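Sequence positions, counted from 1, serve as the residue numbers for this chain. Quick caveat, the model's predicted, so the values are computed rather than measured. Scope of the values below: all heavy atoms of this structure, side chains included, with no hydrogens, waters or symmetry mates.
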Amino acid sequence: MTLSEQQKKIIAENPLGYALDSVRDKLHDDADEIRRESIVSLLQALVGSPAAFKLPSPDGNGEVADKLFYIRKDVQGGKIENLDPFRPLVRLVVADSNDNSYDNAIWAAVFSLDTLTPSTPPFRPLPTFKGTPVKTSSSWLANSANRIMVERELFAEIGNCTFRNVTGFMDKFFNPESWRDEQKAMLEKIMTEHNGAEWTGFPATPDEKPVWDWLRSLEERFLADAPYKLHTTASASQFGERKGQVDIFIQVPTKEATTIYSYKNILIIGEHKKSYNPGRFKADFLQLTRYVRSVFNDQPTRRFVHAFLLCGSIMELWIFDRAGAYSSGPFDIHREPDRFARALVGYLTMDSEAMGLDTFIERVVEGEEQQRYVTLGDKRARLHTAMYKQNAIVCRGTTCFTTYDNEAVKFAWALGKRTSEVEHLTQAKKNGVKGVAEIVAHCRITSIAEMRKGLQFPAAHPFRDENSDFSDLPSATSTNILGSKRKSPSDATFNTASGSNKKQRPSIPRKGSMQPPSTTSKAKPSMQPPSSTSKALTKPTPPTPSEDLWEDRIYSCLVISPAGHVISKFSAIKQLLESMRDAIKAHQSLYVTGNILHRDISPNNIIITDPKTAHGFKGMLIDLDMAKVRDSDPSGARQITGTIQFMAIEVLRNIGHTYRHDLESFFYVLLFMCACQSWSNGFSGKNEKAPKESFLQRWTVGSYSQIALNKEGDMSGGFKYILNQFPESFDIVKPLCRRIKKILFPLEEEESVNIGTPVGDEDQLYKPIIEAYDEAISKL
């Protein structure tokens, strides 16, 4: 196929770069016979390439990325049996070349695949900016492609920390010896329904309705006095906006009959299947996980969630917490009736602690309203409004509230191997840091280790075909437009720490700068100032394998001052720029004076503050959970730090985190505020409409390396496309954005941008950026 001049222009502005390096060796080994999994990997690499999101599909329906997504799906599923049409493309990829015509030849071969018509209509991802789209309305999730994307995200989040057949599970959560007399009586009565071989009345054909009727019969006859009741739904609309046709769930009975339910009231959730198929476990488990995540989203301070799968007569009991999921292992309810009976009685009679509910926040009825309080030593704070929560399971679960005293209350499950936020904030105050929130009170509540005490874990469950089903994709985790954490699985390293010998894209340091040395040291971070004279670079913190099967997390509550509003709630351009400028000043103070590098700059960690209560700052930094003492050794935690769409290019490539990388993240936040959030905040003109798709979506889709490549391209030739998505009222901010880009990404020879950290005093970057903000603000 002959490419048009417009296609060639798009390809030239969005080169493949190193996007195909990871699959080239695999394809080379398949020279004689093409393997299906190799084609799947190749198509996945092309789907995530920058040009794929800009090249129109030859059939006029969407972009090339849309078509490739479905061709990949059909190849993987076996719907496309003949792989010979892929041979010309494979030969080109294997040949490799530095010639300028190479990319054109690759894409021409891709366009020739147009005869392979996908079985499913093309899908255009929703313009969300927190990672893989996770909007959960029933109409959205009814699209199979959307469910696939959500389940990919879920698998990336929980796939490496799922454990089955955990020893001690039943004794810890369903031990009749610790039960009250009335619970034991219920257990004794319900066991009379088992005739020694099977449960009486269990349907011969275990379809959904007969099984539900059987469970309800057991409840009515033997568990009528239980405080909680079984529920089910008949349609997705019964959970409002979310895909909500939940098979079985348990909650407190409502005083009035209702057919509309909410995840905020769900205590335990279950998924029923007609038969047990071990080969379908991953799909069933991810469906259950999707429901559990909705529970955590509506109950963000919940400690853990009970869930279960009932497939035919095979049951498996699950616990989901902030470190992953673990189970009793599958068992046949007929052959082990006591386990089923203990589970059913336990589920319907558990106390709040055993249920994993939040018992730290005190709920008090005052007059006609319920008030919420937290008590930390002598400090008693009354919660006002919710500020922020994370929509994920395996994460810090950060949840913030404002109080009636202009303070903020933060709950979080911080990694136990990291220096705590309390230590960082204490050190920052001691060193005289300005512009960072201060601690009023704090309290350690519990930990994953304490909640899992007494359990013996096997190795993580080896999911079937996880590499081919869910390749390296972002695991951002919220419907909110801003800032969810993307974690790196423990085996997803970017260097040879995991034994990988794959070619890596080299970093491009500033002229005269030195590359930070690699290290695998596991020494604990020191709270003392570093002895090194280097101020520009910190040691890299690659994710390394841990001797532990899972990572411990410490659950704490902090009261900090002052309270504010996240930067995304800006109501004026001047307010946005002043808050951003002052937050950068706060970062400078934290780094230079406090000797602490923040490492997690995102919209949720920059707050708009009242200068009267914030020592003159109109913007401040919060959340030091990911912070690190400058030049200290790696913590040993398995995660790359940061929020995916705001991560600096070199951080995505596992280069040691520096102060410049945080300044780069500040810049990305500014671009998101201007190109995306401005439309939601009402800054569009009368005849203006928000873009159907955000150009910045490219920063959320694909592997770490692919997103880094996308960002690098966007900081050169693609930058104008970002500016073009600003509303007209933000034209006045464009000169500021261009000026900061030149400071952070100076051009080198051959017009390539420099993404490295310069050696020398930090002021060489802080000063011109702050001056640029000052000048822009003065012109408003």
Side-chain angles (χ1 to χ4, degrees), residues 396 414-415 417-437 485 507 509 513-517 519 521 523-543 583-602 604-606 620-637 639-643 646-669 744 755-766 769-770:
R396 287 184 289 159
L415 286 171
K417 290 185 177 181
R418 295 195 191 278
T419 303
S420 73
E421 181 176 20
V422 171
E423 292 177 84
H424 283 312
L425 289 175
T426 301
Q427 186 71 17
K429 184 176 181 179
K430 180 180 178 181
N431 290 353
V433 171
K434 303 295 183 183
V436 176
K485 299 296 175 284
S507 166
S513 68
M514 57 182 292
Q515 198 81 321
T519 176
S521 170
K524 295 182 179 179
S526 168
M527 292 301 295
Q528 300 300 319
S531 57
S532 172
T533 57
S534 171
K535 295 184 178 181
L537 304 172
T538 62
K539 296 179 181 179
T541 55
I584 292 172
K585 289 181 178 179
H587 186 277
Q588 182 181 23
S589 179
L590 181 68
Y591 183 69
V592 177
T593 305
N595 207 46
I596 296 170
L597 182 62
H598 190 283
R599 299 199 307 169
D600 190 16
I601 301 302
S602 72
N604 292 316
N605 293 336
I606 303 170
M620 298 182 73
L621 278 182
I622 60 172
D623 196 350
L624 270 63
D625 277 336
M626 295 291 185
K628 180 175 179 283
V629 174
R630 208 161 105 186
D631 297 331
S632 62
D633 290 329
S635 65
Q639 299 179 12
I640 287 180
T641 55
T643 304
F646 308 109
M647 283 184 186
I649 296 167
E650 288 194 325
V651 172
L652 288 165
R653 291 174 177 158
N654 203 36
I655 304 300
H657 208 127
T658 74
Y659 78 97
R660 185 212 160 274
H661 296 145
D662 277 2
L663 290 175
E664 184 178 335
S665 295
F666 273 113
F667 184 45
Y668 295 154
V669 171
L744 290 174
I755 60 175
T757 300
V759 171
D761 191 84
E762 306 87 355
D763 212 33
Q764 63 184 299
L765 294 183
Y766 281 115
I769 290 175
I770 292 172

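Classification of the His587-Phe666 ring pair by plane angle, with boundaries at 30° and 60°, yields perpendicular.
Val433 and Gly594 get closest at one heavy-atom pair: CG2-CA, 3.4 Å. Between Ala414 and Asp625, the shortest heavy-atom distance links the atoms CB-OD1, 4.0 Å. Taking each heavy atom of Ile622 and Ala437 in turn, the nearest pair found is CG2-CB, 4.1 Å. Scanning both residues, Glu762 and Tyr659, for their nearest heavy atoms gives CA-OH, 3.5 Å. Phe667 and Leu744 get closest at one heavy-atom pair: CB-CD1, 3.8 Å. Shown here for Asp763 and Gln588, the closest heavy-atom pair between the two residues is OD1-NE2, 3.4 Å.
Between Thr658 and Leu597, every side-chain heavy-atom pair lies at or beyond the 4.5 Å cut-off. In this structure, the side chains of Thr757 and Ile655 stay at 4.5 Å or more apart for every pair of heavy atoms. Looking at Thr419 and Gln427, their side chains never come closer than 4.5 Å, going by heavy atoms from C-beta outward. Side-chain contact check for Met626 versus Asn605: every heavy-atom pair is 4.5 Å or farther apart.
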Step by step, would you call Leu624 with His598 a side chain to side chain contact (heavy atoms under 4.5 Å, CB included)? CA-CA 6 Å; Leu624 270 63; His598 190 283; 3.9 Å; yes
Take Ile770 and Ile584, measure what side chain to side chain contact (heavy atoms under 4.5 Å, CB included) needs, and give me the verdict at the end. CA-CA 7 Å; Ile770 292 172; Ile584 292 172; 4.1 Å; yes
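Note that CD1 of Ile755 is 5.0 Å distant from CD1 of Ile649, once rounded to the nearest 0.5 Å. Rounding to the nearest 0.5 Å places CG of Leu415 at 12.0 Å from OG of Ser420. Rounding to the nearest 0.5 Å gives a distance of 11.5 Å between CD1 of Ile606 and CG of Asp623. Atom CD1 of residue Ile596 and atom NZ of residue Lys628 lie 11.5 Å apart, to the nearest 0.5 angstrom. How far CG of Asp600 is from CE of Met647: 8.0 Å, rounded to the nearest 0.5 Å.
Partners of Ala648 according to the side chain to side chain contact (heavy atoms under 4.5 Å, CB included) rule, which considers only residues two or more places apart in sequence or in another chain, are Val651, His661, Glu664. Judged as a side chain to side chain contact (heavy atoms under 4.5 Å, CB included), and not counting sequence neighbours, the contacts of Lys434 are Ser589, Phe617.
No hydrogens or angles considered: a donor-acceptor pair under 3.5 Å links the side chains of His657 and Asp662.
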